[in-house]
2 protein chains.
Amino acid sequence: MTKTKTPSAVQPASPPRAAARRVTSYDVAMLAGVSQSAVSRCFKPGASVSKSTYARVMKAAAGLDYIPNAAARSLITRRSNMVAVVISQMANLYYPEALAELSHQIARRGKRVLLFTMQHEADVGRLLADIWQYQVDGAIVAAALTDAQIAEFERRRLPLVVFNRNLRRTGGVNSVLCDQYEAGRLLAGRLAAAGHRQFGIIAGPADSPVATERRNGATDRLRELGLPPPAVVTGQFDYASGTHGLREIIAQLGRVPDAVICGNDVMAIGCLDCARHELGLDVPGQLSVAGFDAVEPSNWLSYNLTTLRQPVQHMAQAAADLLAGLIDAREGELVTAQTRTFAPQFIDGATARLASLAPDSLAA
Amino acid sequence: MTKTKTPSAVQPASPPRAAARRVTSYDVAMLAGVSQSAVSRCFKPGASVSKSTYARVMKAAAGLDYIPNAAARSLITRRSNMVAVVISQMANLYYPEALAELSHQIARRGKRVLLFTMQHEADVGRLLADIWQYQVDGAIVAAALTDAQIAEFERRRLPLVVFNRNLRRTGGVNSVLCDQYEAGRLLAGRLAAAGHRQFGIIAGPADSPVATERRNGATDRLRELGLPPPAVVTGQFDYASGTHGLREIIAQLGRVPDAVICGNDVMAIGCLDCARHELGLDVPGQLSVAGFDAVEPSNWLSYNLTTLRQPVQHMAQAAADLLAGLIDAREGELVTAQTRTFAPQFIDGATARLASLAPDSLAA
DNA sequence: TTGTACGCGTTATCAG
DNA sequence: CTGATAACGCGTACAA
């Protein structure tokens with residue numbers, strides 16, 4: 001399966017001497033005929049250096065391939081220019097988009113992303129010790145944190161922005177989120193207004209707050225409207241959960257529901273494919289299917305899914321903004337915590353029969 | 001679109017004093033009644049400390065929430081325990097999978113990923129200076145590097161593993177890759193053996209070496225087989241490029257080709273959807289479509305795409321292995337460069353009419 | 001096994 | 001504007 005080529009050439013054409021000493025600001029200073037602190041100043045944006053020394057230093061630095069050592073710098077400045085980004089489900093299609101945007105936004109503020117991934121959201125606790133170690137300037141966490149964990153961020157004075165997790169403890173913690181509960185209500189309300197009565201719900205995993213909120217929003221709204229209780233099953237946010245989920249729901253109800261609300265788009269797509277290709281159902285003729293996130297595939301011609309978009313770019317930018325503000329302001333200033341909530345945006349696809357109503361009549 | 005809640009509670013219930021001093025190993029030493037170096041030793045895996053002092057130190061450390069400062073440590077050990085991962089196209093669906101796996105593999109070796117992303121692969125040069133700054137222990141680069149850039153890695157003695165880029169300069173550089181040229185040949189050969197004669201190719205962007213190799217592999221094989229020259233168009237590895245590409249090809253040829261080879265799965269899916277939903281073509285009845293990568297959506301029931309899988313997990317593991325070896329061995333040892341090449345795996349989907357041939361008869 | 005003393009490479013302070 | 005000097009927090013010889 002794999003062949004290993006081993007060319008006769010050896011790694012670098014290195015001088016036979018042992019590990020070369022790093023080039024430091026002292027080397028540059030020596031070569032340029034100035035003091036070490038002069039070199040340091042030349043690499044600090046707003047420093048006061050004469051044009052002539054600046055030129056000499058830069059020439060020497062270029063000749064030696066000198067680059068300031070960020071570790072040494074961060075030791076004294078107390079700034080590493082690194083931001084921890086904690087993400088649980090990279091398989092989720094939604095998170096890669098978010099991560100790409102976060103990385104971009106953080107980079108344009110002169111910082112870099114130190115990435116922390118995990119399989120299960122509950123494992124976040126084990127990552128925290130590493131986060132403290134690496135002396136990051138702040139953290140963007142897309143995972144559920146306990147109150148104790150949040151308290152530890154505060155004790156350590158580490159700026160924290162919670163991304164897309166609605167925490168029980170709303171006070172005092174900065175967060176950027178899309179209103180998932182409201183999204184669930186909105187979707188259920190729209191579908192109910194179009195005449196759907198018997199619902200199925202394929203919810204996300206129980207340990208995901210996002211999944212829970214979406215489900216609760218939908219079920220609460222349905223209850224308010226006096227509709228029969230939906231058949232609810234849970235999945236893992238993946239395609240297979242969508243296909244299995246639909247079968248389960250049909251088994252529970254003894255019939256095909258009018259509509260299935262899925263905890264995210266990937267499950268909705270699985271549900272859709274199962275309905276069309278395995279059960280031979282007409283969607284949306286016999287069954288409406290809807291999801292959340294508006295990931296890229298939901299827009300493909302084969303699906304054209306009815307779903308709710310989370311404004312990923314805006315959310316990533318807001319998170320980066322918020323965090324940058326916390327980091328820069330952080331000298332004894334009193335910073336009030338913010339929650340920036342973004343509204344989900346309804347995507348009127350082709351997988352649900354929807355009455356075209358005036359927007360006002362379906363306030364959730 | 002966004003509402004900003006500002007609770008009256010202020011950030012942390014912080015003591016009115018200014019920024020608290022960090023807790024260092026000296027603080028722990030003081031509290032435990034030992035020297036600072038004793039504390040240091042307690043946090044070094046294989047050190048010699050008596051059970052009693054170890055216990056006292058650990059207790060004091062726990063009481064103070066002490067965590068060693070990685071920046072200070074890396075200054076003296078010359079190890080940051082960070083690995084740079086450079087990735088260009090996070091939108092590509094294939095790369096998130098690779099990144100997740102890389103992050104996992106690197107984490108289990110006790111290191112973390114410092115992420116560098118960019119829009120265009122040509123921008124990699126601007127990232128390099130940052131990579132030097134951050135004192136990473138090594139780098140995994142999924143982008144095309146010039147010979148000069150590779151040489152700079154060598155001069156700086158920074159372990160480098162090139163991921164999925166076949167470089168012109170093959171000697172002396174460690175790399176993990178899937179044989180894209182061979183993949184192109186294999187796919188073209190299979191389709192030709194099944195009787196397809198007139199091909200279209202929707203290639204990836206010209207600045208992507210992967211795209212170029214896949215295309216060249218296919219066109220070379222077709223030429224060898226004496227088939228008519230394929231209609232070739234280029235796209236951006238995205239869905240829209242697939243839909244537009246098919247139209248262009250049909251316009252160029254004045255007819256629907258027998259088969260279209262697409263530079264990746266997302267373009268193949270776009271091509272497929274265009275053929276079925278916009279042009280009303282029967283796939284694979286009237287037209288065969290194939291791609292590369294076997295990303296998750298290619299396996300969904302609506303597509304079931306004929307494609308070639310890159311063994312992402314194996315490749316990520318190989319890259320992490322290779323890099324870890326370089327990092328650990330790095331004391332004057334002579335390390336020979338390796339290229340670990342993985343074979344693509346044919347996925348016999350349902351979007352191409354393929355003769356069921358004995359595997360031997362279609363050696364490319 | 002433990003403590004002392006030094007150095008890693010940089011920025012910050014303060015005279016000149 | 002420039003140079004000496006003191007941190008930053010830790011690992012590690014070396015001597016005890």
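Proteins come first, then strands; the chains are lettered A, B, ... in the order of their sequence lines, and each starts at number 1.
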For [X], all residues meeting salt bridge (Lys or Arg N to Asp or Glu O under 4.0 Å), sequence neighbours excluded:
X      : answer
B:E101 : none
B:R108 : none
B:D123 : B:R126

Between B:L158 and B:V136, what is the shortest heavy-atom contact and its length?
-> CD1-O, 3.2 Å
Estimate the overall bend of the helix from C:dT1-D:dA16 to C:dG16-D:dC1 from the end axes over five pairs each, rounded to 10 degrees.
->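 Roughly 30° between the end axes, to the nearest 10°.
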Does a nitrogen or oxygen in the side chain of A:S48 sit under 4.0 Å from OP1 or OP2 of D:dC1?
-> yes
Any A:T53 side-chain N or O less than 4.0 Å from OP1/OP2 of D:dC1 | no
Results of side chain to side chain donor-acceptor pair (under 3.5 Å) for [X] - residues two or more places apart only:
X      : result
A:T77  : none
A:Q135 : none
A:S48  : none
A:Q317 : none

Can you tell me which residue pairs pass the ring-ring contact (aromatic ring centres under 6.0 Å, His included) test with a partner in residues 96-141 of chain A, sequence neighbours excluded?
-> A:W132-A:F153
ring-ring contact (aromatic ring centres under 6.0 Å, His included): pairs with one or both residues in residues 43-71 of chain A, sequence neighbours excluded | A:F43-A:Y66
Where along nucleotides 7-16 of chain D does protein come under 4.0 Å, by heavy atom, of base (B) or sugar-phosphate alone (S), with - for untouched nucleotides?
-> BBBBBBB---
First and last nucleotide of DNA chain C in contact with chain B, 5' to 3', at under 4.0 Å to a heavy atom: what are they?
->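 Reading along DNA chain C, I get C:dT1 to C:dG9.
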